[in-house]
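Okay, structure first, notes after.
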Amino acid sequence: MKKLLFILFVGVLVLAGCMQEDNAESGSSDSGSDDAASESIVIEDGFGEQEFDQVPEKVVALEWSIVEELLAVGVQPVGVADIEGFNKWVNIDAELDDSVTEVGLRTEPNIEEIAKLEPDVIVAMTYQEEMKEELEKIAPVVMYDNSTEEAMSDLYAYTLHTFKQTAKLVGKEQEAEEHITSLEERMATAKENVEAANLPTNEFVFTQAYSVNEAPTFRLFTENSTVSHVLEGIGLTNKIQDQDPQPSGFIEANVEGVSNYEEALFIHTVQEDDPLFDNLEGNSAWNGLHFVEEDLLYDVGAGVWTFGSVLSMETLIEQLEEALVN
């Protein structure tokens, strides 16, 4: 009888031990699930922090710089605003797939087309804020704000900030860091080549120019612009020192306005179908400018998107080096 009781007692102890082990394993598993659930994605946009439970797979991009950010890290958006304009103005080493859907204009997105795509997230800029409420009925909305005083003080830094946020959103943070490192290394290499070119001056004026009713209009990029940062990164100095930080990083000027900065390298990008320079041929005020008389005009070609992200900056560096060195 005692022997039987002893066996039963041992059995109870073994059973209790197994139950404790099972509970421990179960508790460990539950804890792991809780940890996995807590690994949410938190990014910052113009409205504060945005939290996502998982990486969004279907992204609609309503601004071209955001399209660039996605392409740079190997993500094809499902929808893009104004694909035709993007392909015309943005010359980068990446292309949109034929499967990407046109969703209207950047200033007037097609809500119905966006809804059909059933996106996981819509990424835009705060200048599109009036559409935010309608867009939020479709999917969570991320909107970056480059109009704040902090952003405007250094648009290059803010561009990299949004690039990192977008990359984090789509689970591509490492790819973004590699692109930024590559960009900065490329600037350093270009700086060496530009220094070796022994240019007449290191001061520059950079313009994205175009015609309005045959009248020339020059966007002159100020020190807070992304463009200016890139040119300064290759060893040049912005001639425009008399302007406060501008919301988009440029001031608009006519020929008279450009004359304020005439003793500099005049670096320009103009669309191929724009007759701007043909219209300037007989303009005596233009022909009398220092950089025209001294043949200090440098064409970086069409398709340099001056408001783009890292891919546009890479294009700018390549075409700058070609224009200044060769």
Treating [X] as the side-chain partner and [Y] as the backbone partner, does any N or O pair qualify as donor plus acceptor under 3.5 Å?
X      : Y      : value
Thr315 : Val304 : no
Glu68  : Ser312 : yes
Gln128 : Met125 : yes
Ser182 : Glu178 : no
Glu44  : Thr162 : no
Ser309 : Leu311 : no
Asp120 : Lys58  : yes
Tyr127 : Asn146 : no
Asn287 : Glu281 : yes
Glu262 : His290 : yes

Would you find more than 12 non-hydrogen atoms of other residues, nucleotides or ligands less than 6.0 Å from [X] atom [atom1]?
X      : atom1 : result
Glu150 : CD    : no
Glu57  : CD    : no
Glu118 : CD    : no
Asn326 : CG    : yes
Glu49  : CD    : no
Gln54  : CD    : no

hydrophobic_cluster_shared for [Y] and [X], side chain cutoff 4.5 Å:
X      : Y      : result
Phe204 : Ile317 : yes
Leu155 : Met143 : no
Tyr298 : Leu276 : yes
Trp64  : Val141 : no
Trp305 : Leu105 : no

Using side-chain heavy atoms (C-beta onward) and a distance below 4.5 Å, is [X] in contact with [Y]?
X      : Y      : answer
Ile180 : Lys164 : yes
Val292 : Leu280 : no
Thr269 : Phe206 : yes

Item checked: Check: Phe218 ring centre within less than 6.0 Å of His268 ring centre ->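 So the answer is no for these two rings.
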Note to self: Taking the six-membered ring for Trp, are Phe266 and Trp286 closer than 6.0 Å centroid to centroid?
What the structure shows: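 For Phe266 and Trp286, the ring centres are under 6.0 Å apart.
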Next item on the list: Please assess Lys239 against Glu263 for the test salt bridge (charged side-chain N to carboxylate O under 4.0 Å, His left out), listing each intermediate value before the final yes or no.
Entry: CA-CA 8 Å; Lys239 182 71 173 179; Glu263 294 186 6; 5.0 Å; no
Donor on one side chain, acceptor on other, [X] and [Y], under 3.5 Å:
X      : Y      : answer
Gln50  : Asp45  : yes
Thr148 : Tyr158 : no
Ser211 : Asp274 : yes
Thr237 : Glu232 : no
Gln246 : Thr222 : no
Glu223 : Asn238 : no
Glu195 : Asn202 : no

Presence of salt bridge, [Y] and [X], under 4.0 angstrom:
X      : Y      : answer
Glu113 : Lys116 : yes
Lys168 : Glu173 : no
Lys88  : Asp82  : no
Arg186 : Glu321 : yes
Lys137 : Glu133 : no

Rounded to the nearest 0.5 Å, what separation is found between the [atom1] atom of [X] and the [atom2] atom of [Y]?
X      : Y      : atom1 : atom2 : answer
Asp242 : Asn260 : CG    : CG    : 7.0 Å
Tyr261 : Leu220 : OH    : CG    : 7.0 Å
Leu231 : Leu316 : CG    : CG    : 6.0 Å
Glu129 : Leu135 : CD    : CG    : 11.5 Å
Ser99  : Gln76  : OG    : CD    : 6.5 Å
Leu70  : Leu169 : CG    : CG    : 8.0 Å

Notebook entry, point to check: Does the pair Leu199 and Leu236 meet the rule for a side-chain contact (heavy atoms from CB on, under 4.5 Å), with working shown?
Noted result: CA-CA 10 Å; Leu199 295 168; Leu236 304 180; 4.2 Å; yes
Next item on the list: For Tyr144 and Thr166, run side-chain contact (heavy atoms from CB on, under 4.5 Å): C-alpha distance rounded to whole Å, both residues' side-chain angles, the deciding distance at 0.1 Å, then the answer.
Entry: CA-CA 10 Å; Tyr144 300 122; Thr166 300; 2.8 Å; yes
Next item on the list: Give the C-alpha distance, both sets of side-chain angles, the deciding distance and a yes or no for side-chain contact (heavy atoms from CB on, under 4.5 Å) between Leu62 and Val103.
Entry: CA-CA 8 Å; Leu62 299 184; Val103 292; 3.9 Å; yes
Next item on the list: Run through Ile122, Val60, Val59 and flag the one making a side chain to side chain contact (heavy atoms under 4.5 Å, CB included) with Leu117.
Entry: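 Going through the options one by one, the only one that passes is Val60.
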